[in-house]
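First up is the structure itself, then whatever we jot down about it.
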Amino acid sequence: MTNKKYRILAITDHHTHGGISSIYPLLRTMAKHPVCDSIQVASRGNPKNKEFFYDYTSTELMSLLVDDNFVPQESGEQFLNASIKTDFKDHDLIFLRIDRPIPDEFFEFITSHVPEDKIINRPSGIQKTDTKGSLLNFPELCPPMKLCSTLEEILEFYQEFPIVLKPLRSYGGKGIIRIVDDQAWEGNKQYSLDDYKSVIEESLRDSGDYLAMKYLKNYSKGDKRVLVVNGKVTGGFLRIPKEDSWICNMSAGGSTTVGEPDQDEIRIAETIIPSFLEQGIVIFGFDTLVDDDGKRVLSEINTLNVTGLEEAQTHSGKPVVQESSDLMWSYICEHIG
């Protein structure tokens with residue numbers, strides 16, 4: 001055990017927190033570790049932090065101290081009333097727990113003041129792994145898929161089987177389109193594909209490429225979130241779509257239930273982990289769906305703001321949060337000077 005005591009600054013945005021945000025139980029638990037001096041949290045949602053998060057003109061932030069009272073608040077009052085003035089540069093470790101949209105300029109700004117190896121997850125690693133396009137690095141683990149830049153490419157891929165279109169930088173099920181039987185589904189709204197083509201073309205112009213993926217009819221069997229910390233699978237849980245929906249995300253009304261990682265998912269984790277650790281990705285989650293053969297396949301990777309630790313713990317009865325905290329500290333003590 002190191003004699004060093006670590007000061008950590010977590011940067012987040014409380015506006016995007018739901019009741020499922022892992023930042024609360026994880027940071028409360030990490031703050032109790034013997035080598036922790038303090039953990040502070042600063043929010044992009046606090047107007048006083050605008051010069052840091054949006055203007056890139058100051059490294060000073062208003063933050064709050066993590067203690068046993070650090071719990072979700074619908075009002076966000078604790079973040080808005082944050083009273084500790086701190087400098088981003090004065091911490092041993094920066095913990096990134098923030099949702100997109102994040103301009104590349106923000107990553108450039110923070111890495112100009114703090115070395116990348118003192119940021120978890122490493123910004124350059126996030127930029128390479130936290131888009132739908134990163135799945136193309138693991139085609140053997142995924143359903144058939146294709147990166148599409150034009151409507152023609154999408155329609156050509158659709159000739160093979162029903163498909164789902166995913167915007168490369170979306171999250172929470174936002175912007176996903178299902179194309180089945182010449183019908184396009186945006187959420188639970190149905191359109192004729194012919195009528196919807198112009199919408200797809202406009203999205204391609206405004207937001208860039210889609211990742212097209214074979215639509216898996218077994219979606220009702222659930223989208224499983226598997227959690228990985230410092231190279232180890234710590235837990236998982238299933239997200240089930242609400243009735244009459246095909247999207248499993250909780251932000252779209254899905255519910256959670258027991259879902260321990262199976263052998264297919266352990267194999268997926270073992271394939272992904274080595275390259276992710278090399279890129280400084282210490283904590284991440286990935287999602288799986290059941291393919292037409294009944295096997296779990298990779299459908300999503302999240303390396304930016306991972307949720308679900310508490311859900312995995314609740315449904316499994318295992319100490320997922322404590323184990324994740326211990327694994328985080330093992331990495332910090334070994335790699336952060």
Practice task
Answer yes or no: is there an ion pair linking Glu186 with Arg178, defined by an N-O contact shorter than 4.0 Å?
Solution key: no

Exercise for the section: Could I get the full list of side-chain hydrogen bond (donor to acceptor under 3.5 Å, both in side chains) partners for Asn81, not counting sequence neighbours? Expected result: Glu77

Exercise for the section: Kindly determine whether Glu323 and Lys232 satisfy salt bridge (charged side-chain N to carboxylate O under 4.0 Å, His left out), including the steps that lead there. Expected result: CA-CA 10 Å; Glu323 182 181 13; Lys232 183 176 178 180; 2.8 Å; yes

Practice task
For residues Asp182 and Tyr158, report the shortest heavy-atom separation together with the two atoms involved.
Solution key: N-OH, 2.7 Å

Practice task
Mind telling me whether Phe79 and His17 have parallel, tilted or perpendicular rings, with 30° and 60° as the class edges?
Solution key: perpendicular

Handout entry: Phe52/Tyr56 aromatic ring centres below 6.0 Å
Key = no

Handout entry: Donor + acceptor pair across side chains of Ser192, Gln183 (<3.5 Å)
Key = no

Completion exercise
Given the options Ile154, Ile177, Val180, Leu155, Ile163 meets side-chain contact (heavy atoms from CB on, under 4.5 Å) only with Ile154

Exercise for the section: Using salt bridge (Lys or Arg N to Asp or Glu O under 4.0 Å) as the criterion, point out the one residue from Lys85, Lys50, Lys48 that pairs with Glu60. Expected result: Lys85

Completion exercise
Grouping ILVMFWY residues whenever side-chain heavy atoms fall under 4.5 Å, the cluster of Leu80 otherwise contains none

Exercise for the section: Please indicate whether Lys197 has more than 12 foreign heavy atoms, meaning atoms of other residues, nucleotides or ligands, lying under 6.0 Å from its NZ. Expected result: yes

Practice task
Run the salt-bridge test on Arg28 and Asp67 with the 4.0 Å N-O cut-off and return the result as yes or no.
Solution key: no

Practice task
For Arg225 and Thr307, indicate whether the former's side chain and the latter's backbone hold a donor-acceptor pair under 3.5 Å.
Solution key: yes

Practice task
Count the heavy atoms of every other residue, nucleotide or ligand shown that sit under 6.0 Å from NZ of Lys146, and state whether that count exceeds 12.
Solution key: yes

Problem - Ionic contact status for Asp92 with Lys4, cut-off 4.0 Å - result: yes

Handout entry: Option passing side-chain contact (heavy atoms from CB on, under 4.5 Å) with Ile332 (candidates Asn230, Leu327, Val35, Leu93)
Key = Leu93

Practice task
Decide whether Ser149 and Asp209 meet the rule of one side-chain donor and one side-chain acceptor closer than 3.5 Å.
Solution key: yes

Handout entry: Heavy atoms of other groups near Glu74 CD, more than 12 under 6.0 Å
Key = no

Practice task
Inspect the surroundings of NZ in Lys217 and state if more than 12 heavy atoms from other residues, nucleotides or ligands are less than 6.0 Å away.
Solution key: no

Exercise for the section: Count the heavy atoms belonging to other residues, nucleotides or ligands that lie under 6.0 Å from CD of Gln263, then report whether that count exceeds 12. Expected result: no

Practice task
From the options Lys318, Arg296, Lys224, select the one residue that forms a salt bridge (Lys or Arg N to Asp or Glu O under 4.0 Å) with Glu260.
Solution key: Lys318

Problem - Plane angle bin for Phe157 and Phe161 - parallel if under 30°, tilted between 30 and 60°, otherwise perpendicular - result: perpendicular

Exercise for the section: Using only heavy-atom distances, determine whether the side chains of His15 and Ser43 contain a donor-acceptor pair under 3.5 Å. Expected result: no

Just distance, no hydrogens or angles: give the donor-acceptor pairs under 3.5 Å from side chains in residues 271-279, sequence neighbours left out.
unit_1 : atom_1 : unit_2 : atom_2 : d
Thr271 : OG1    : Arg267 : O      : 2.9
Ser275 : OG     : Ile272 : O      : 3.2
Gln279 : NE2    : Ser275 : O      : 3.2

